[in-house]
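The structure appears below as C-alpha cells.
The sequence lines fix the lettering, A, B, ..., with proteins before strands; numbering per chain opens at 1. Heavy atoms only: backbone and side chains are in, while hydrogens, waters and symmetry mates are out.
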There are 2 protein chains.
Amino acid sequence: MFDVRNHAEERCGGMGRMSPQRQHGARPSPEVRAVRERPAAGRRRTSHSLEAVLTEAVALLDTSGEHALTFRALAARLGGGAASIYWYVSSKDELLDRAADHVLADVLVAVEGVGGGDPVDDLRTIALALFDAIVERPWLGAYFMRDTGVQPNGLRLYERLGQQVLRLELGPRESFHAVSAIVGFVVGTAADMGQQAPEAVLSGEVDRDEYLARYAAQWRALDADEFPFIHHVVDEFAGHDDAEQFRAGLDLILAGLSLQAGR
Amino acid sequence: MFDVRNHAEERCGGMGRMSPQRQHGARPSPEVRAVRERPAAGRRRTSHSLEAVLTEAVALLDTSGEHALTFRALAARLGGGAASIYWYVSSKDELLDRAADHVLADVLVAVEGVGGGDPVDDLRTIALALFDAIVERPWLGAYFMRDTGVQPNGLRLYERLGQQVLRLELGPRESFHAVSAIVGFVVGTAADMGQQAPEAVLSGEVDRDEYLARYAAQWRALDADEFPFIHHVVDEFAGHDDAEQFRAGLDLILAGLSLQAGR
DNA sequence: CGATCTTATAGAACGATGTTCGATGTCCGC
DNA sequence: GCGGACATCGAACATCGTTCTATAAGATCG
C-alpha cells in the first residue's frame, strides 16, 4: 500500500501545484488517522469511518454542487453532528482534498489496462479518462493533486501518464515537461468546461443549445472590424461540443510531443 | 468603445467557460451602471466610483490573497460602509468578475504592439503575457472570461490571440480549437502554479527551493518499481522553473499547431 | 423657492458557515 | 471495575455575504 506517513511534519503540494497558505496540520492524533477504518463490529450510534465521510461528501457534491457541501449538511447525511467530522478531517480543505482523491480511485481503475499500445494513444486514453471525471465534477479540478501527502491517487495517475511518456525515450526534462503540460491542459480545460450554464442544470440538453445560441448572438452583435476572429469562429462556437474541443486541443499537444520524440 | 449593452436581459458566459448558477442580474438600476464614473465634482463624503472599488479590490487581492477580499475589508479601505459597495456591484461574484477584467486591461496594453511578426511567435508572446498576469494573481484564473457581458477585456484578449491564428489560414473549426486550447492551457497551468507554498510568501526565494527539495525527498522515498517515472523526473522537478515549464508546454501546443498549418 | 425624484451612502440585522471547546459516552486492556 | 484512548456531539464564536430601511445631497421642475 501507499505509506507516505506524515508524523507531524507538514504536508507538501506537488508537481507544480502547491497547496496554499492553509496549514491543515493534523491536530488531533495525526498518524493514527490511517487506521480509521475499524470494522465497526458493535457500532455505537453512527460510526462514520473516513470512507463513509468521503463517500457522502462526494455524493453531496455530485448531486448539489460544491456550495452544497457543508459540514452540517454532511453531518445530517451521516446522521451525526457537524463537529464529529473533524475527527476524520482537520479542515474543509482537507475534506475536499481527500474527496477529490477518493474520486480519482475510479479513474485509476478505468485506466488500469492501458499501457500496451502506442504510447501516444495510451496517453490520450488516460487523459480523456481524467477529463471526463473532471467535467462531471467541476470541483475536482481545483483540488486535483494539491497535496500528494493526502492524495496518493493523484500521484498514481500522474505516474501512469508518465509511464507512457517514458516509452517515448525522451530526456528527463522533456518527459517532465510533457506530463506537466498534459496534466495542466486537461485539468484547466476540464475545470473550465465544468462550469455549467445558469439554468441548464434543470432541463438538460435543449437549454444548452439555446444558451450557446444566445451567447453567439451576443458575439455576432460585436463590431466586425474590431472582432474579426470572433466573427470567424462564432458558428463553430455556437455548435461546439466540449469533448471534441478538448480532444482537438489535446491532439495539438500530442502532435507536438510526437514531433519531439521523432516519431 | 465596447457597447454590449444589457438591458435587463441576463448575461451569459463565453468560450466554453460558462458562468455558474449565480444569476447576478442587475437588481438596482442595471443599465445606468455604465455611467457610474461621475467626475466627482462636489463629492459628499466618500464617493467611490466603480473604478475606485475595483482598484482597491485588486489591491486587497494582491497584497493579502483572495480570502482577504471581504466586503467589510474593502469598505474599510474605501472609507465607507460595506453595504455601499452593492450599489456598484450586485454580488461578490460580479465584483471578482469585474476585478479580473480590470486587471486584464494592463495585459491588453502590454500586448498592444504584438501582431506584426511570425503568427506563432506572436501567439507565444501574448500567451506569455497572460500567463505572467495569472501567475502573479492566482485568483485571476478562476474568473477569467466567465461573463463576457461584464468582462470585455477578456473577450478582447481572446480576440487578439485569435487574430494571430487567423493568419495561419486554418478553417474556422481548427482556429476555434486552437485558441481554445491555448487559453485553456495558459489559464489552467498558470492558476495551478499560482498556488504558492504555505510559508514561501514570507521569505521569498530560498524557501521555495527548500520547499521543492523537501517535496522531492518525499517523492524519492516512493517505491522505485511502482513509481519509475517519478524517479525519472524527480531531479527535474526539484530544480524546475515555473516559467520554463510553462513555456515548454506551450511550445508543444504551438508545434502541433504549426504542423497543422503546414509550416 | 420648495416639492420631488434620483443618486448614493450606511447602520443594523439576518441567516449561514467553518471551526473550537468542553463534556460525555463507549470500548479495550489490565 | 477502572483508567485511558477512541469517538461523538451540543453549544457557542467569529465571520461572511447579503438585505432592509433610513437618510442626506444634488438635480429637476413648477
dA7(D) phosphate, OP1 or OP2, under 4.0 Å from Ser84(A) side-chain N/O: no
Could you tell me which non-hydrogen atom of Leu95(B) sits nearest to which non-hydrogen atom of Ala57(B), and how far apart they are? CD1-CB, 4.2 Å
Salt bridge (Lys or Arg N to Asp or Glu O under 4.0 Å) against Asp62(A), all qualifying residues, sequence neighbours excluded: Arg137(A)
So, is Tyr88(A) close to the dT8(D) phosphate, meaning a side-chain N or O under 4.0 Å from OP1 or OP2? yes
Mind checking if Leu69(B) touches a base, just sugar-phosphate, or nothing, with heavy atoms under 4.0 Å? sugar-phosphate
Would you mind telling me which residue lines up with the more 5' stretch of DNA chain D, Arg72(A) or Gly81(A), judged by nearest nucleotide? Gly81(A)
Rounded to whole Å, please give me the gap between CG in Leu95(B) and C1' in dT18(D). 13 Å
Closest to the Ala83(A) side chain, choosing from dT17(C), dC16(D), dA11(D): dA11(D)
Rounding to an integer number of Å, can you tell me how far Leu78(A) CG sits from dA7(D) C1'? 14 Å
Checking Gln195(B) side chain against Pro138(B) main chain: does a donor-acceptor pair fall under 3.5 Å? no
Can you check the Glu66(B) CD to dG17(D) P distance for me, whole Å? 11 Å
Measure from NE2 on His67(A) to C1' on dG17(D) and round the result to the nearest Å. 14 Å
How many Å lie between CG on Leu74(B) and P on dT15(D), as a whole number? 18 Å
Closest non-hydrogen atom pair, Ile85(B) against Ala75(B): CD1-N, 3.9 Å
Rounding to a whole Å, what distance do you find between Phe71(A):CZ and dC9(D):C1'? 15 Å
Expressed in angstrom and rounded to an integer, what is the separation of Tyr86(A) atom OH from dC9(D) atom P? 15 Å
Glu94(A) CD to dT19(C) C1', straight-line distance once rounded to whole Å: 14 Å
